[in-house]
Amino acid sequence: MTMGLRCVAIPVCGRSKFDTAFPRMSGRAVGAAVAGAAVVTLLSVAIALCEPPLLAVLQRTFSLHTAHLRKDMENFFQLVKNIVPALTEKKHKGQDGRIGIVGGCQEYTGAPYFAAMSALKAGADLSYVFCAREAAPVIKSYSPELIVHPVLDSPNAVQEVKKWLPRLHALVVGPGLGRDDLLLKNVKGILEASKARDIPIVIDAVSSPVDSSDDHASVLRLSQALGNVTVVQKGEHDLISDGQQVVRCSQEGSSRRCGGQGDLLSGSLGLMAHWALLAGLEKTNGTSPLLVAAWGACSLTRQCNHQAFQKYGRSTTTTDMIAEIGAAFSKLFET
Ligand SMILES: *[C@@H]1O[C@H](CO)[C@@H](O)[C@H](O)[C@H]1NC(C)=O
Ligand SMILES: *[C@@H]1O[C@H](CO)[C@@H](O)[C@H](O)[C@H]1NC(C)=O
């Protein structure tokens, strides 16, 4: 099967000024319009690189009626279980996932750390962070478990990251990236190089054009307008669309929202996207692997939030949630 760039975009929660303008736009125009915010220029680059839906052959009719949603949830648990690689002694280090996080600058060091740790805690063998020079010592000092490359603001950033691409199974682009023009330019180059290697990409940088009157339709339209990129819209329920269907993740979380929660989602999604694509359509029962991966990462994030909230209530932070990943993962996908 030949595949183009596989992208998953995670819109951040909340309204944007594109709310009303969005539904009437289509194709590249949306990329350009959404690109009003500097960070989001990334998305338009990624979209331009994304090829039309690789899994379009698997289109099915999908009902958005609430009655079908509960059943989907049960099925999706099974599908996620199907893509999780078994832990065996025969494997070598790296086989279950080497995930790269592209982000981290002087101002933002927490986000790439959270994303990279979340991938590790969910079962990745290695997590790499490609960040700006000044961010590297800070991120390293948070954890000895991450491999940190201070290359993102160097003149040969793209070449430096390119050297590592053959080892990477997925890239998560955006956590703590900031808005610096040089970094964004380098990230464009990295996205292009990743496309050439067919590496799945999670982009965490999009303003969400929420039309609350019909969330399902709006997330579906967003995905289609982006060229059927898989889109995750976080909210009271998370909605995920690949342009053909919309699935809802209603795993119980909590009323507590803390900064960094989205980084847990993007890091674990990077890993699960790798697992799902590796497992393929047979294991996902014909459902788009990225849809399954996104649903898995959303459930995991919500379950971590739920568990951490049980212990810490109002004082729950993303660090507390990350500490719950192991138990949450077992509860959801290994029982
Ligand atoms: C797999 O697909 C078949 C046919 O669409 C469906 O009947 C079955 O419920 C699916 N199983 C899971 C676990 O999604
Ligand atoms: C996205 O999927 C929809 C529904 O299957 C299809 O009509 C549309 O042509 C696809 N868009 C692209 C850019 O391939």
Side-chain angles (χ1 to χ4, degrees), residues 1-9 11 22-35 43-86 191 195 198 200-201 203 206 209 211 214-233 239-251 272 275-277 279-300 332-335:
M1 183 167 23
T2 56
M3 292 189 174
L5 184 73
R6 288 89 57 107
C7 297
V8 182
F22 180 79
R24 289 187 297 276
M25 298 180 193
S26 64
R28 298 282 169 80
V30 171
V34 175
L43 184 71
S44 54
V45 177
I47 291 156
L49 292 171
C50 276
E51 278 157 25
L54 49 142
L55 300 165
V57 259
L58 293 157
Q59 285 174 30
R60 350 165 155 179
T61 52
F62 183 77
S63 165
L64 300 178
H65 295 300
T66 316
H68 291 259
L69 290 168
R70 180 67 227 174
K71 189 163 171 291
D72 271 317
M73 232 163 121
E74 281 154 19
N75 285 347
F76 269 79
F77 271 119
Q78 187 52 52
L79 299 183
V80 178
K81 287 177 187 180
N82 290 352
I83 63 158
V84 175
L191 284 171
K195 173 198 158 71
D198 199 22
I201 297 182
I203 298 171
V206 191
D211 171 4
D214 191 350
D215 281 350
H216 282 91
S218 110
V219 73
L220 183 73
R221 272 200 302 270
L222 176 59
S223 172
Q224 288 174 353
L226 299 180
N228 294 338
V229 162
T230 302
V231 169
V232 179
Q233 183 181 293
L239 294 176
I240 307 156
S241 179
D242 62 352
Q244 282 141 41
Q245 45 178 290
V246 179
V247 289
R248 187 166 82 168
C249 177
S250 310
Q251 184 66 29
M272 289 198 183
W275 286 349
L277 289 164
L281 291 166
E282 204 175 305
K283 291 278 176 64
T284 60
N285 199 20
T287 300
S288 150
L290 291 180
L291 209 60
V292 174
W295 195 90
C298 285
S299 317
L300 181 66
L332 296 180
F333 307 129
E334 292 177 321
T335 48

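Just so you know, ligand 1 is whichever comes first in the structure, and atom 1 is the first atom listed for that ligand.
Every atom of ligand 2 with a heavy atom of Asn228 under 4.0 Å away is listed here by number and element: 1 (C), 2 (O), 3 (C), 8 (C), 10 (C), 11 (N), 12 (C), 14 (O). Taking every non-hydrogen atom of Asn285 and a distance limit under 4.0 Å, the qualifying atoms of ligand 1 come out as 1 (C), 2 (O), 3 (C), 8 (C), 10 (C), 11 (N), 12 (C), 14 (O). Those atoms of ligand 2 that come under 4.0 Å of a heavy atom in Gly243, given as number and element, are 2 (O), 3 (C), 4 (C).
Side-chain contact check for Val80 versus Val292: some heavy-atom pair is nearer than 4.5 Å. Two residues are said to be in side-chain contact when any heavy atoms from C-beta on lie closer than 4.5 Å; Gln251 and Phe77 meet this criterion. No side-chain heavy atom of Asp242 sits under 4.5 Å from any side-chain heavy atom of Asn228.
In this view, Glu282 satisfies the side-chain contact (heavy atoms from CB on, under 4.5 Å) rule with no residue, not counting sequence neighbours.
Looking at Gln224 next to ligand 2, no N or O pair under 3.5 Å apart turns up.
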